[in-house]
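Below you'll find the structure, written out as structure tokens, and then a few comments.
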Amino acid sequence: MLEHQLDLEELRKELSEVRKNGYSISMESLIPGIVAVGCPIFGCDNKIIATISIVGILGVLDLSSNSKIIHT
């Protein structure tokens, strides 16, 4: 069984980055070779109504700063 330790301070920093960027990136955090990007979808009242994520293989899914997946 895979066990993932949660560091509260690290989580707070990560959530701050997600708020600033508008999306989150997961680089092999649970499964080696697997990466993902996720972002919220807001309703007309500016509350989150859904999320969307894309999961791919490291080196195939481009999550770089100039990625068309993230910045379109």
Side-chain angles (χ1 to χ4, degrees):
M1 183 167 134
L2 182 64
E3 186 175 319
H4 190 73
Q5 296 295 320
L6 177 65
D7 178 307
L8 189 56
E9 190 56 37
E10 190 170 321
L11 176 63
R12 285 185 177 130
K13 287 196 304 193
E14 189 172 330
L15 289 174
S16 176
E17 282 294 307
V18 170
R19 285 186 188 104
K20 182 179 86 173
N21 296 329
Y23 60 89
S24 67
I25 294 178
S26 174
M27 299 289 288
E28 301 185 284
S29 60
L30 295 175
I31 302 171
I34 300 298
V35 296
V37 61
C39 66
I41 299 171
F42 295 93
C44 58
D45 60 357
N46 209 29
K47 292 185 179 180
I48 295 173
I49 59 170
T51 61
I52 188 167
S53 62
I54 300 170
V55 179
I57 299 169
L58 181 64
V60 176
L61 182 61
D62 179 14
L63 298 181
S64 66
S65 60
N66 58 351
S67 169
K68 291 182 180 180
I69 292 172
I70 296 173
H71 299 287
T72 36

State whether the number of non-hydrogen atoms from other residues, nucleotides or ligands found under 6.0 Å of Ile52 atom CD1 is greater than 12. no
Could you walk me through whether Val18 and Tyr23 pass the side-chain contact (heavy atoms from CB on, under 4.5 Å) check? CA-CA 5 Å; Val18 170; Tyr23 60 89; over 6 Å; no
Could you tell me the separation between the CD1 atom of Ile41 and the OG1 atom of Thr51, rounded to the nearest 0.5 Å? 7.0 Å
Exercise: identify the closest heavy-atom pair between Cys39 and Gly22: CB-O, 3.5 Å
Given salt bridge (charged side-chain N to carboxylate O under 4.0 Å, His left out), test Glu17 with Lys20 step by step and report yes or no. CA-CA 5 Å; Glu17 282 294 307; Lys20 182 179 86 173; 3.4 Å; yes
Neighbour count >12 (heavy atoms, 6.0 Å) for atom CD, Glu14: no
Between Val35 and Glu28, the two heavy atoms sitting closest are CG1-N, 4.2 Å
Using every non-hydrogen atom in the two residues, find where Gly56 and Leu61 come nearest and quote the distance to one decimal. N-CD2, 3.5 Å
One should read off an interatomic distance between Leu58 CG and Ile34 CD1, to the nearest 0.5 angstrom, of 9.0 Å
How many angstroms lie between atom CD1 of Ile54 and atom CD1 of Ile25, to the nearest 0.5 angstrom? 11.0 Å
May I ask whether Met27 and Val37 are part of the same hydrophobic cluster, defined by side-chain heavy atoms of I, L, V, M, F, W, Y residues being less than 4.5 angstrom apart, directly or through others? yes
In this structure, CG of Leu15 is separated from CD of Glu10 (nearest 0.5 Å) by 11.0 Å
Supply the atom-to-atom distance Phe42 CZ to Ile49 CD1, rounded to the nearest 0.5 angstrom. 10.0 Å
